[in-house]
Amino acid sequence: MSSYAQHIKTVTERFDQALADTGYESTLIYAGQPRVAFLDDNPGTFKVNPLFKYWIPVLESPKSAIFYRKGSGKPTVYLFQARDFWHSQAQIAEEDWQQHVELKIIDDLSQLTDDLGDALAASAFLGEDFAQPVADWNVKARNPQALIDHLHFHRAVKTDWEVENLRQANLLAAKGHLAAKEAFLGGKSELEIHSDYLAAMNFRESQVPYNSIVALNDHSAILHYDVYDVTPPKQRLSFLIDAGSLYKGYCADITRSYASEAGFYADLVNAMDTAQQELLSEIKPGINYYDLHVSMHLKVAAILEQFDFINISAQEAYDKGITSAFMPHGLGHFIGLQVHDVGGFLQDDKGNSYERSERHPFLRLLRDIEVGQVFTIEPGLYVVDQLLEEFADSKDINWTMVDKLRPYGGVRIEDSIVVGANGDNENLTRNAFKALGGE
């Protein structure tokens with residue numbers, strides 16, 4: 001049995017159980033369609049419903065849908081191919097998935113509703129329904145939370161086929177990262193660096209899963225920086241790139257930080273890399289991700305102490321909340337069909353959830369670690385003046401060292417990890433760089 005055949009078998013089993021547990025006979029998963037800007041007819045970039053690409057690796061066929069009846073074991077794919085001389089149609093290559101579905105080509109959504117007949121009224125609709133005629137379809141429920149929670153809880157554990165796609169996505173992204181590093185060392189601007197990143201993957205900008213963060217110098221302290229200066233800075237100090245890729249709908253999300261020369265910032269990057277590697281060694285089934293997040297804060301605190309950013313001990317810095325000013329985001333998140341894959345707060349498939357941490361409100365993952373989960377580990381340390389304002393009069397912080405780091409912005413290192421048994425984890429990101437002769 002091929003890995004995709006095993007994958008779709010797992011997906012059908014998960015849908016069978018989810019439909020049974022939530023009281024639905026069938027589901028219709030709508031791929032979605034592009035939105036247009038206000039007072040305009042020019043559509044934006046289309047992003048497919050992740051629950052659609054969970055079944056089949058088709059990303060660029062808006063208005064398509066998948067119908068699945070509980071217990072049938074085989075979905076019906078309504079692949080929309082418009083009769084349109086204005087635009088080209090998505091080219092759907094011959095692949096394994098087509099042998100495991102009933103494929104119907106349509107050029108009008110009325111063909112779908114006519115074909116389903118009364119079955120539509122018994123179905124749970126999953127997807128966006130902002131446009132006609134979808135908004136008026138007679139369905140039993142639209143995006144029922146109980147069904148969505150059930151599906152999201154279980155898809156946190158990836159199939160072998162999903163992990164294969166994540167490996168390929170990381171290889172693509174690693175190619176881009178190596179090209180971006182060379183562009184930085186060659187003195188290029190942020191826009192030029194990003195162009196080299198895309199070119200190395202042979203991607204259009206619309207094909208990456210999120211807006212790349214390509215930050216030189218102090219821009220590295222802006223956590224979601226995506227402006228891209230068109231001219232290089234007069235002085236090249238540091239480079240942080242957080243950029244990803246897609247392969248068959250699965251996401252890579254990689255961050256690396258680089259120094260222009262040996263010295264203070266290069267040492268800080270090396271210290272963060274060591275801390276990140278130590279965190280990776282702590283990943284084991286049964287522990288809670290929150291505990292990893294706290295461990296990360298204590299390691300960041302140790303770096304703050306090592307580099308004289310604080311005048312107190314590492315433990316005191318964490319206890320007083322100072323580490324959160326230097327490291328405000330979560331340690332990481334689930335990754336897969338989405339960059340920030342959902343389900344990180346779910347306790348079970350009944351929809352019971354963990355409360356968001358009051359101490360660490362931006363942490364996206366509070367579940368216990370299980371074999372087969374895939375998540376990121378991305379510790380960081382930054383000079384964010386807005387967050388440091390709370391400690392403006394504190395003698396616990398060595399403000400001279402803060403000022404020394406400010407022109408460099410910050411540092412972050414991010415890998416994606418597949419959890420194995422007994423700590424036998426797979427680092428998708430480092431393995432990809434190693435395969436390409438990089439790091």
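In terms of heavy-atom proximity, Pro43 sits nearest to Pro34 at CB-CB, 3.7 Å. Val419 and Asn425 get closest at one heavy-atom pair: CA-OD1, 3.5 Å. Nearest approach of Ala301 to Ile310, heavy atoms of both residues: O-CD1, 3.9 Å. Of all heavy-atom pairs spanning Leu171 and Ala435, the tightest one is CD2-CB, 4.0 Å.
With no hydrogens or angles considered, no side-chain donor-acceptor pair links His152 and Asp341 at under 3.5 Å. Remark: the Glu378 side chain and the His329 side chain contain no N/O donor-acceptor pair separated by less than 3.5 Å. With 3.5 Å as the limit, one finds a donor-acceptor pair spanning the side chains of Tyr54 and Arg14. No side-chain N or O of Asp396 forms a donor-acceptor pair with one of Asn311 less than 3.5 Å apart. For the residue pair Gln276/Asp415, the side-chain donor-acceptor check at 3.5 Å is satisfied. With 3.5 Å as the limit, one finds no donor-acceptor pair spanning the side chains of Asp160 and Ser3. Using modelled atom types and a 3.5 Å distance limit, the side chains of Asp253 and Tyr210 yield a donor-acceptor pair. Of the N and O atoms on the side chains of Ser313 and Glu305, not one donor lies less than 3.5 Å from an acceptor on the other residue.
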For residues 244-252, please give each side-chain donor-acceptor pair under 3.5 Å, one per line with the distance, not counting sequence neighbours.
residue: Lys248; atom: NZ; partner: Glu95; partner atom: OE2; Å: 3.4
residue: Tyr250; atom: OH; partner: Glu162; partner atom: OE2; Å: 2.8

Please output the side-chain donor-acceptor pairs of residues 262-275 that fall under 3.5 Å, not counting sequence neighbours, one pair per line with the distance.
residue: Tyr265; atom: OH; partner: Gly410; partner atom: O; Å: 2.7
residue: Asn270; atom: ND2; partner: Ala266; partner atom: O; Å: 3.3
residue: Asp273; atom: OD1; partner: Arg430; partner atom: NH1; Å: 3.2
residue: Asp273; atom: OD1; partner: Arg430; partner atom: NH2; Å: 2.7
residue: Thr274; atom: OG1; partner: Asn270; partner atom: O; Å: 3.1

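At a threshold of 4.5 Å between non-hydrogen side-chain atoms, the residues Val411 and Tyr382 do not count as touching. Here the side chains of Tyr197 and Ser212 are in contact, with some heavy-atom distance below 4.5 Å. Side chains of Arg364 and His340 form a contact here, defined as non-hydrogen atoms less than 4.5 Å apart. Taking 4.5 Å as the limit, some side-chain heavy atom of Val77 sits within range of a side-chain heavy atom of Ile56. Residues Met327 and Leu381 form no side-chain contact, since every pair of their non-hydrogen atoms from C-beta on lies 4.5 Å or further apart. Between Asn431 and Thr429, the closest side-chain pair of non-hydrogen atoms is not below 4.5 Å. In this structure the side chain of Ile29 never reaches within 4.5 angstrom of the side chain of Phe125, judged on heavy atoms. At a threshold of 4.5 Å between non-hydrogen side-chain atoms, the residues Ile413 and Thr255 do not count as touching.
For Asp107, the CG atom counts as densely surrounded, since its 6.0 Å shell holds more than 12 non-hydrogen atoms of other residues, nucleotides or ligands. Under a cut-off of 6.0 angstrom, the local environment of CD in Gln277 is crowded, with over 12 non-hydrogen atoms contributed by other residues, nucleotides or ligands. Around atom CD of Glu355, no more than 12 heavy atoms belonging to other residues, nucleotides or ligands sit under 6.0 Å away. The neighbour count for Lys434 NZ, taken as heavy atoms of other residues, nucleotides or ligands under 6.0 Å away, does not exceed 12.
With respect to the salt-bridge test (charged N to carboxylate O, under 4.0 angstrom), the residues Arg83 and Asp108 do not qualify.
Residues satisfying the salt bridge (charged side-chain N to carboxylate O under 4.0 Å, His left out) criterion with Arg35, sequence neighbours excluded, are Glu128. Every side chain to side chain contact (heavy atoms under 4.5 Å, CB included) that Gln347 has, sequence neighbours left out, goes to Asn352, Tyr354. Every residue meeting the side chain to side chain contact (heavy atoms under 4.5 Å, CB included) condition with Ala179, not counting sequence neighbours, appears here in chain and number order: Ala200.
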For Leu331 and Tyr289, run side chain to side chain contact (heavy atoms under 4.5 Å, CB included): C-alpha distance rounded to whole Å, both residues' side-chain angles, the deciding distance at 0.1 Å, then the answer.
-> CA-CA 9 Å; Leu331 172 61; Tyr289 193 89; 3.5 Å; yes

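Judged as a side-chain hydrogen bond (donor to acceptor under 3.5 Å, both in side chains), the pairs with a partner in residues 182-192 (not counting sequence neighbours) are, in order, Lys188-Asp196, Ser189-Glu192, Glu190-His219, Glu190-Tyr225.
Because its NZ or CZ atom is both nearer than 6.0 Å to the ring centre of Phe184 and within 45° of the ring axis, Arg236 counts as a cation-pi partner of that residue.
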